[in-house]
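As structure tokens, the structure follows; a few thoughts come after it.
What you see is a predicted model; the values in this text were computed from it and never measured. Residue numbers count from 1 along this sequence.
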Amino acid sequence: MARLKVGVLISGRGSNLQALLDAAADPAFPAEIVLVVSNVPNVAGLDRAKKAGVATATINHRDYKSRIDFDNAVTETLKSSDVEFVCLAGFMRLVTQEFVEHWHNRMINIHPAILPLFPGLDTHQRALDEGCKLHGCTVHFVRHEMDSGPIVGQAAVPVLPEDTESSLAARVLTAEHKLYPECLKLIAEKNITITGNGLTFKQAPQTTEEIICNP
């Protein structure tokens with residue numbers, strides 16, 4: 001079976017990108033990273049991609065008069081590399097409805113919280129402020145509404161009494177690195193059917209105490 005051709009959008013250091021690159025380095029993994037696009041020049045994530053032998057592109061959003069012009073440029077760049085599926089990995093731009101519609105059911109994001117709890121920013125401090133005993137991350141298909149869409153999988157970590165925002169963030173990030181490749185694998189294997197705002201699996205995925213995928 002041909003591997004799914006994936007483009008990854010980043011804005012910074014690219015630690016989740018690295019997790020995807022590491023997974024895709026195995027020829028048996030059902031997806032390959034064919035292009036990494038950053039909206040910020042010279043970020044560390046671009047160096048990670050180059051080291052892995054993956055093509056890169058920088059499309060500076062500051063060079064465009066409107067969000068739609070920028071998003072159109074990103075889409076054309078992805079299409080030029082025959083990208084079939086998009087992963088957002090620390091991409092710090094709100095995409096337009098047109099972009100979401102073009103990549104409908106072909107784009108996922110990883111969010112540092114157990115959605116629907118804590119959409120948006122500052123998720124770790126908000127979890128601490130609310131006294132949560134569990135926190136974590138979510139991989140979901142992208143919809144126009146921020147941090148919404150069918151949930152592919154979630155990972156949970158404990159919130160410890162001595163946690164600070166930075167210590168909790170580090171624990172969640174470790175979970176993200178495990179969850180994102182697993183969710184991409186499920187999609188690339190065509191194990192998922194999306195219906196409305198939910199999804200079903202053709203074959204129940206394996207889960208651990210840390211990673212829970214929708215049944």
Nearest-0.5 Å distance that lies between atom [atom1] in [X] and atom [atom2] in [Y]:
{"X": "H124", "Y": "S166", "atom1": "NE2", "atom2": "OG", "result": "10.0 Å"}
{"X": "C183", "Y": "I151", "atom1": "SG", "atom2": "CD1", "result": "10.5 Å"}
{"X": "K51", "Y": "Q18", "atom1": "NZ", "atom2": "CD", "result": "7.5 Å"}
{"X": "C137", "Y": "I110", "atom1": "SG", "atom2": "CD1", "result": "4.5 Å"}
{"X": "E182", "Y": "L186", "atom1": "CD", "atom2": "CG", "result": "5.0 Å"}
{"X": "R67", "Y": "Q97", "atom1": "CZ", "atom2": "CD", "result": "14.0 Å"}

Check ion pair E189-K185 (N to O, under 4.0 angstrom):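 Looking at K185 together with E189, the answer is yes, because their closest N to O distance falls below 4.0 Å.
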
Could you tell me which non-hydrogen atom of [X] sits nearest to which non-hydrogen atom of [Y], and how far apart they are?
{"X": "S11", "Y": "M92", "value": "OG-N, 2.8 Å"}
{"X": "G136", "Y": "V172", "value": "O-CG1, 3.5 Å"}
{"X": "V36", "Y": "L46", "value": "O-CD2, 4.3 Å"}
{"X": "A24", "Y": "I33", "value": "CB-CG1, 4.0 Å"}
{"X": "L88", "Y": "Y180", "value": "O-OH, 2.8 Å"}
{"X": "P41", "Y": "N60", "value": "CG-ND2, 3.7 Å"}

Side-chain donor or acceptor of [X] paired with backbone N/O of [Y] under 3.5 Å:
{"X": "S81", "Y": "L78", "answer": "no"}
{"X": "T174", "Y": "A170", "answer": "yes"}
{"X": "S66", "Y": "D69", "answer": "yes"}
{"X": "N191", "Y": "F201", "answer": "no"}
{"X": "R3", "Y": "F29", "answer": "yes"}
{"X": "Q154", "Y": "L115", "answer": "yes"}
{"X": "S38", "Y": "T58", "answer": "no"}
{"X": "T123", "Y": "A113", "answer": "no"}
{"X": "D22", "Y": "A19", "answer": "no"}
{"X": "R13", "Y": "V43", "answer": "no"}

T75 and N72 side chains, donor-acceptor separation under 3.5 Å: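 Side chains of N72 and T75: no pair found under 3.5 Å.
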
Answer yes or no: is there a side-chain heavy-atom contact under 4.5 Å between [X] and [Y]?
{"X": "V34", "Y": "V6", "result": "no"}
{"X": "K5", "Y": "E32", "result": "yes"}
{"X": "V37", "Y": "V8", "result": "no"}
{"X": "Y64", "Y": "D71", "result": "no"}
{"X": "L35", "Y": "D82", "result": "no"}
{"X": "L128", "Y": "V159", "result": "yes"}
{"X": "W103", "Y": "V142", "result": "no"}
{"X": "M107", "Y": "F85", "result": "no"}

Test: R93 cationic atom under 6.0 Å from F70 six-membered ring centre, within 45° of axis: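 The answer is yes; both the distance and angle limits are met.
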
Members sharing L94's hydrophobic cluster (side chains within less than 4.5 Å):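 Once heavy-atom contacts under 4.5 Å are chained together, L94 belongs with M146.
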
Whichever hydrophobic residues join F118 through chains of side-chain contacts under 4.5 Å: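 Besides F118, the cluster holds L117.
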
Centroid-centroid distance, H140 to H111, less than 6.0 Å: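 Not under 6.0 Å, so no.
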
Residue from N105, N109, N197 passing side chain to side chain donor-acceptor pair (under 3.5 Å) with R143: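 The single option meeting the side chain to side chain donor-acceptor pair (under 3.5 Å) with R143 is N105.
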
Side chain to side chain contact (heavy atoms under 4.5 Å, CB included) evaluation trace for S15 with L173: CA-CA 9 Å; S15 68; L173 188 61; 3.6 Å; yes

Neighbour count >12 (heavy atoms, 6.0 Å) for atom CG, N42: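 For N42, atom CG is not crowded (no more than 12 foreign heavy atoms under 6.0 Å).
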
